[in-house]
Each structure stands twice: as C-alpha cells, then as structure tokens.
There are 2 protein chains.
Amino acid sequence: MNHYDMGNWVSRMRDQGFRVTPQRQLILDAIYESGGHTTPEEIYERVHAKAPAVNLATIYRTVDFLRELRLITEMSISGKTYYEIAGDAPHHHLVCRCCGHIEQIDHATVVGLFTRIEQEQQFKVETDHLALVGVCRHCREQATPTAS
Amino acid sequence: MNHYDMGNWVSRMRDQGFRVTPQRQLILDAIYESGGHTTPEEIYERVHAKAPAVNLATIYRTVDFLRELRLITEMSISGKTYYEIAGDAPHHHLVCRCCGHIEQIDHATVVGLFTRIEQEQQFKVETDHLALVGVCRHCREQATPTAS
DNA sequence: ATCGCTGTTGCGAAAAATTGCAATAACGAG
DNA sequence: CTCGTTATTGCAATTTTTCGCAACAGCGAT
Ligand SMILES: [Mn+2]
Ligand SMILES: [Mn+2]
Ligand SMILES: [Zn+2]
Ligand SMILES: [Zn+2]
C-alpha cells in the first residue's frame with residue numbers, strides 16, 4: 001500500500017483483463033508525485049530517473065491507457081497536453097490568455113450546466129477537467145485604463 | 001468581394017501591422033470551403049490543389065496566426081486539432097465518446113455559466129468553441145439494458 | 001513606378017508523437 | 001512452481017508538428 005487508492009485500481013485493472021506492470025505503476029507514481037499538471041516529457045524524466053530502461057513510447061501509450069481507465073485526466077492548454085491524477089472530486093480551470101495564470105474552480109461551479117444539458121438534450125456530459133480560456137482579474141484591470 | 005466578411009478582416013489585419021498575403025487568403029478560403037471542422041492536413045491538401053508551392057509549415061503557422069486574430073477557432077477532439085471559421089455567433093459541441101457523434105449547441109446554452117464565473121471570480125471567460133465530452137442519447141439507451 | 005523596411009514564406013533540419021513488430025513478461029490454470 | 005496464452009514493452013522507423021534562417025514580397029512613403 002502506497003498512496004491514493006492503489007490496490008483499488010490494481011484489481012480493477014486486472015478484472016478487465018489488463019495487466020499491472022511496473023511501468024504503469026511508475027508512470028502513475030510520477031504523475032502523482034508531480035503534484036499538479038504534468039507533461040509526457042516530465043513524466044518521462046521522472047520515470048527515467050528510477051528506471052532508465054522505460055521507453056518514451058511507453059509513456060505516451062500508458063497515459064492514454066490510464067486516461068481511458070479514468071485514473072488520470074487529460075487537459076490541453078495552448079496546444080500542450082497535461083495529465084493529472086483523477087481525484088474523486090473533479091475540478092476545472094480558468095486559464096488567462098494574457099499572463100498564463102491558471103486558477104482552479106470546483107465541479108459545483110459547472111455541474112449546473114451539465115445537468116441542464118442532460119435534461120434538455122439527453123446528453124450525459126462527463127467532462128471532468130475543463131479549461132476555460134479568458135482574461136483574469138489582474139490582467140483586466142491592467143488593460144482597462146479608463147475607457148469603455 | 002468573395003464571401004464571409006472579407007474586406008473587413010483585410011483592413012483589420014493591415015491596421016495591426018500584419019500583411020495580407022495570398023497564402024493567408026487561400027488558407028482562410030480552404031477553411032471556409034471545408035464547411036465544418038477541418039484539420040491542418042485537410043487545409044493543406046485543399047490549398048495545395050490550387051497553389052502547390054505553399055508549404056505545410058505555412059499552414060501550421062497561419063492557422064495559429066488566424067486563431068490569434070480570432071478569425072478562426074481551434075478545437076481539440078480526442079487529440080486531434082480542428083479549425084473552423086469563427087462566425088459572429090459562437091457555438092459549442094457535445095462529443096460522444098462512444099460513437100464519436102458531434103452535435104452542436106449554441107452559445108446561449110453556456111453563456112450563463114460564463115457570466116456567473118465573471119461575476120463571482122472577476123474572470124472574463126472568452127472560450128468561443130467548447131467541446132464537452134460525454135455519452136449521447138442514442139448510446140445511453142443502447143448501454144442500459146434494464147438495470148440502474 | 002520605385003525603394004526600403006520588415007513581416008512572411010519556403011526549405012531543410014529538428015523535435016514531438018505515433019506505429020509495426022518481435023521479444024518480453026504478467027498471470028491464470030494445472 | 002511451471003507452463004502457455006497473450007497483453008505489453010522496447011526499439012526502430014514513420015508521421016506529425018515545430019523551428020531557424022535566408023530569400024522573398026507586402027505596402028507605405030517618395
Ligand atoms: Mn487540474
Ligand atoms: Mn464548431
Ligand atoms: Zn492574467
Ligand atoms: Zn454516441
């Protein structure tokens with residue numbers, strides 16, 4: 001037993017016919033230890049430090065695999081792709097296109113929209129990591145001298 | 001005069017110190033003619049048919065440029081990047097992760113969330129092309145035999 | 001119409017991400 | 001524990017996307 005709910009996903013993985021490999025554990029660990037949003041390249045470096053034999057292609061394949069299993073979430077910010085451990089409570093982000101600052105908002109803020117779409121369109125929204133781009137409070141003040 | 005509001009963006013481009021080149025017109029045309037969401041590769045083929053000399057690198061650079069000018073919108077669906085002419089009214093999409101079907105929803109559906117975030121967090125959301133992933137009506141019926 | 005400044009492009013090279021395939025190893029059965 | 005099946009990995013080759021830079025060309029000024 002290490003951290004998060006390891007042991008849970010181990011059996012869940014095996015039950016579905018997938019295999020629990022040291023590579024998958026290392027990669028999941030690396031994402032977890034990175035704390036926040038991390039890139040395949042960062043994951044690779046972290047894993048490579050412990051296990052130099054692990055190939056970069058395995059990183060790409062595995063993050064995709066872990067995402068499909070919903071153990072991690074994927075987010076694309078200005079072209080780059082980031083991964084993060086999927087906690088029990090989903091969260092989302094506001095990304096400032098001026099200063100690049102990223103702030104977090106919780107699921108409750110957006111879930112109203114999701115349920116309304118589900119009621120009106122019978123479409124079950126499952127997005128668990130949204131990135132809304134815009135202008136943050138600080139940059140708005142700066143950009144507005146007096147006018148408008 | 002051709003279509004959309006050409007002539008408007010031409011001067012807007014020049015006013016900002018950018019140049020109106022045949023490549024940029026061809027690429028904008030290609031995206032427009034594609035109708036819906038299109039990829040850099042598709043844009044390239046379309047442009048290449050008319051002007052074989054245009055380089056693929058120019059496609060990538062130009063879609064980025066046009067996106068910054070907000071003449072087109074960028075959307076990432078399951079890893080792939082798509083572009084589309086930015087109409088006067090923004091719209092968004094519901095993407096089914098089972099069948100891949102994409103349906104459109106209009107800005108009014110989501111704008112409530114945006115204004116609420118603006119009021120509560122002073123963050124001005126400008127996202128004009130959201131892709132919400134989930135399960136469409138059809139796939140939900142199929143996947144639910146009787147239970148739950 | 002010509003000139004000069006500098007934003008853009010084409011081109012080749014580099015970097016990032018994906019894929020096919022043979023070798024490896026997880027893990028259920030005996 | 002040993003074996004056999006087959007999911008997974010490492011590796012090399014491909015494909016996709018980005019980058020540096022010299023040549024080119026848009027466009028304002030003359
Ligand atoms: Mn996050
Ligand atoms: Mn669209
Ligand atoms: Zn900002
Ligand atoms: Zn569907």
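Quick note on labels: first sequence line is chain A, next is B, and so on, each numbered from 1.
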**Q** Nearest whole angstrom, please: distance from the C1' of D:dT9 to the CG of A:Asp64.
**A** 16 Å

**Q** Does any N or O donor sit under 3.5 Å from an N or O acceptor when you compare the side chain of A:Arg19 with the base of D:dT6?
**A** yes

**Q** Any base atoms under 4.0 Å from B:Gly17, or only sugar-phosphate, or nothing? Heavy atoms, all strands.
**A** sugar-phosphate

**Q** Less than 6.0 Å separating the ring centroids of A:His107 and A:His91?
**A** no

**Q** Anything under 3.5 Å between a protein N or O and an N or O of nucleotides 19-24 of chain C, put it in a table, one pair a line.
**A**
from   : atom 1 : to      : atom 2 : distance (Å)
C:dG20 : O6     : A:Arg61 : NH1    : 3.2

**Q** Compute the bend angle of the helix from C:dA1-D:dT30 to C:dG30-D:dC1 from the end axes (five pairs per end), rounded to 10°.
**A** 30°

**Q** Using only atom types and a distance under 3.5 Å, with no angle test, would you say the side chain of A:Arg46 pairs donor to acceptor with the backbone of A:Asp29?
**A** no

**Q** Given that B:Arg14 and A:Leu56 both sit by DNA chain D, which one's nearest nucleotide is further toward the 5' end?
**A** A:Leu56

**Q** Quick one: does A:Thr38's side chain have a donor or acceptor within less than 3.5 Å of a partner on A:Tyr83's backbone?
**A** no

**Q** B:Met13 has an atom CE; how far is it from atom C1' of C:dG7, in whole Å?
**A** 11 Å

**Q** Does B:Arg24 place a side-chain N or O at less than 4.0 Å from the phosphate oxygens OP1/OP2 of C:dT8?
**A** yes

**Q** Report yes if a side-chain nitrogen or oxygen of B:Thr21 is closer than 4.0 Å to either non-bridging phosphate oxygen (OP1 or OP2) of C:dT8; otherwise report no.
**A** no

**Q** Enumerate donor-acceptor pairs with a distance under 3.5 Å from any side-chain N or O in residues 50-67 of chain B to protein atoms, sequence neighbours excluded.
**A**
from    : atom 1 : to      : atom 2 : distance (Å)
B:Lys50 : NZ     : B:Glu33 : OE2    : 3.4
B:Asn55 : OD1    : B:Ala57 : N      : 2.8
B:Thr62 : OG1    : B:Thr58 : O      : 2.6
B:Asp64 : OD1    : B:Arg67 : NH2    : 3.4

**Q** Mind jotting down which residue pairs meet the salt bridge (Lys or Arg N to Asp or Glu O under 4.0 Å) criterion with at least one end in residues 77-106 of chain A? Sequence neighbours excluded, please.
**A** A:Arg97-B:Glu126

**Q** Contact list please: residues 43-54 of chain A against DNA chain C, heavy atoms, distance less than 4.0 Å, in numerical order.
**A** none

**Q** Check which hydrophobic residues are tied to A:Val111 through side-chain heavy-atom contacts below 4.5 Å, counting indirect links as well, and list them.
**A** none

**Q** Just say parallel, tilted or perpendicular for the rings of A:His48 and A:Tyr44, cut-offs at 30° and 60°.
**A** tilted

